Amino acid sequence: MYHQENIECMPREELRKLQSERLVKQVARMYERVECFRKRMDEKGLKPSDIHGVEDLSKLPFSYKQDLRDYYPYGLFAEPMENIIRVHASSGTTGKQIVVGYTKNDLDMWADCVARLLAAIGGTQEDFVQISYGYGLFTGGFGLHGGAEKIGATIIPISSGNTERQINTMVDFGATILCCTPSYALYLGEAAAEMGLRDKLKLKAGIFGAEPWTEDMRRAIEDKLGIKAYDIYGLSEIMGPGVSYECEYQCGMHICEDVFIPEIIDPDTGEVLPEGESGELVFTTITKEGFPIIRYRTRDVCSLNYEPCKCGRTHVRMNKPQGRSDDMLIIRGVNVFPSQIEEVLLSMSGKEITPNYQIVVGRENNTDTFDINVEMSSSFFNDEISEVEKLERKICEKVRSVLGISAKVHLVNPKSIVRSEGKAKRVIDTRNLVKKAEGK
Ligand code: DLL
């Protein structure tokens, strides 16, 4: 365990006391400093003095992804910019990304949470941690980096991409712990076998997250890389990776409850659900300084388990998110909202294309496939293949610049996309079906 049994195994009554103290302080601080929060409190007729502890949490107003857009880029920060020493970003529901900021203490706490996971899976300063999550505005690379630094491991900050180089580096530098998305881990496993280097790997464990993955996928990764595969969960709005993590017993992910208070609500009514029920996960950050947030609607659907864990940690466990209560897709580890694609197509629609489109997501050779079918307008419709290809490339480029990943764009004949009488079926995602079939 990381050097803090007193926190990770704190008796639950003590933990609740600590959470209450921190919550009361956080609410008062945010009321003073964050306009959006103050307005919502005022609308509900609430004052910080009405909040005495965790028992009052459900009185507080929710926060939404849309708030980050409305107050873009820094309007929700609770510290002046001179105290913000880093920003990260993630996809918003439209072209604009959402921005989050961290003070020095925030980065330190983040690293602390990630270090707990590394220690839980047996990581020490003897380890070589290959970080193949992207370094950049995405929180994955730097998030894992901070934690690995805390436990004093040797970091291999290779970032994502360039598969052959990843394998060679893993072998030559003696990586013992691999950090990347589960789908990339599987791909790396296959690549290692193809390169004839599977037996040269010294890996013992992997930390995989940022996208949903199944138990079948875990077994496949473990088998291909000869490791134990652990799950890590997080989201930029709350901190990044390390909001929760699996311990050595792998029966749910412990939420760092001294830092985040989770709730499960009914996504339609907003009511808090009884213990153990499945619903939308909501988080309140109680130590964050730069970008604190109260009752943030994650849109991830899961349940919480308060039963004591065999490892001795008292912090609640969440099960693997079972889906989302919005339409966000995670394609090759990148968050994608259909509305982002729609915005691109609308900005280009007119003479050449119509805004009728369909997104098709699937899985081939353990990698997500991503296709967008777009209807040509009748005036553009012609037999000049080169013209069609040119336009496909143009759309593809634009989509890539907004999403950060490539899609195959196919221009299809006018009126060929089936019209629906109700809601348009914009997304066909066959990945769950594939996963179930793989599990047979
Ligand atoms: O994905 C942070 C992260 C990086 C987590 C590296 C783990 C490892 P965002 O880009 O903001 O942040 O995406 C957050 O990804 O709301 C979930 O829907 C999904 N997600 C993250 N981890 C998991 C996981 C990072 N272990 C969104 N299982 C979240 C299932 C996950 N879904």
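Keep in mind that the numbers below use all heavy atoms, side chains included, and drop hydrogens, waters and symmetry copies. Ligands are counted one by one from 1 in listed order, and the atoms in each one are counted from 1 as well. The shown structure was predicted, so the numbers you read here are calculated from the model rather than taken from an experiment.
- Ligand-side atoms of ligand 1 in range of L235: 11 (O), 12 (O), 14 (C), 16 (O), range being under 4.0 angstrom from any heavy atom.
- Of all the heavy atoms of L144, none lies under 4.0 Å from any atom of ligand 1, so neither backbone nor side chain is involved.
- Only the side chain of P321 comes within 4.0 Å of ligand 1, counting heavy atoms alone; its backbone N, CA, C and O stay farther away.
- Of the residues T124, T154, D127, the one that meets the side-chain hydrogen bond (donor to acceptor under 3.5 Å, both in side chains) test with T176 is D127.
- The distance from ligand 1 to the heavy atoms of I330 drops below 4.0 Å at these ligand atoms: 15 (O), 18 (O), 19 (C).
- For the 3.5 Å distance criterion, the side chains of Y357 and E342 qualify, holding a donor opposite an acceptor.
- At a 3.5 angstrom cut-off on N or O pairs, T298 does not count as close to ligand 1.
- Checked by atom type, the side-chain pair E190/N366 shows a donor-acceptor distance below 3.5 Å.
- No more than 12 heavy atoms of other residues, nucleotides or ligands sit less than 6.0 Å from atom CG of N365.
- Of all protein heavy atoms, the one lying nearest to atom 11 (O) of ligand 1 is S236 OG, 2.6 Å.
- Counted by atom type alone, Q130 and T169 present zero donor-acceptor pairs between their side chains at under 3.5 Å.
- Residue contacts with ligand 1 for D300 involve side-chain atoms from C-beta outward but no N, CA, C or O (heavy atoms, distance under 4.0 Å).
- Under 4.0 Å from ligand 1, heavy atoms of A210 appear from its side chain as well as its backbone.
- For atom 28 (N) of ligand 1, the closest non-hydrogen atom on the protein side is E211 O, 3.3 Å.
- Of all the heavy atoms of N335, the ones lying under 4.0 Å from any atom of ligand 1 belong exclusively to the side chain.
- When each atom of ligand 1 is checked for a heavy atom of I232 under 4.0 Å away, the hits are 7 (C), 8 (C), 22 (N), 24 (C), 26 (N).
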For this session: Before giving the answer on ring pair (Phe, Tyr, Trp, His ring centres under 6.0 Å), spell out for F291 and Y102 the whole-Å C-alpha distance, their side-chain angles and the decisive distance to 0.1 Å.
Result: CA-CA 7 Å; F291 177 64; Y102 305 77; 8.5 Å; no
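- Of the polar atoms of W213, none of the N or O atoms is found under 3.5 Å from an N or O of ligand 1, judged by distance alone.
- A 4.5 Å side-chain heavy-atom check between F283 and I255 finds at least one atom pair inside the cut-off.
- Taking a cut-off of under 4.0 Å to the non-hydrogen atoms of G234, the atoms of ligand 1 that pass are 2 (C), 5 (C), 12 (O), 14 (C), 21 (C), 22 (N), 25 (C), 29 (C).
- For R324, every heavy-atom contact with ligand 1 shorter than 4.0 Å involves the side chain, none the backbone.
- Residues E164 and N168 bring no donor and acceptor atom of their side chains to less than 3.5 Å of each other.
- For S132 and Q166, the side-chain atoms include at least one donor-acceptor pair closer than 3.5 Å.
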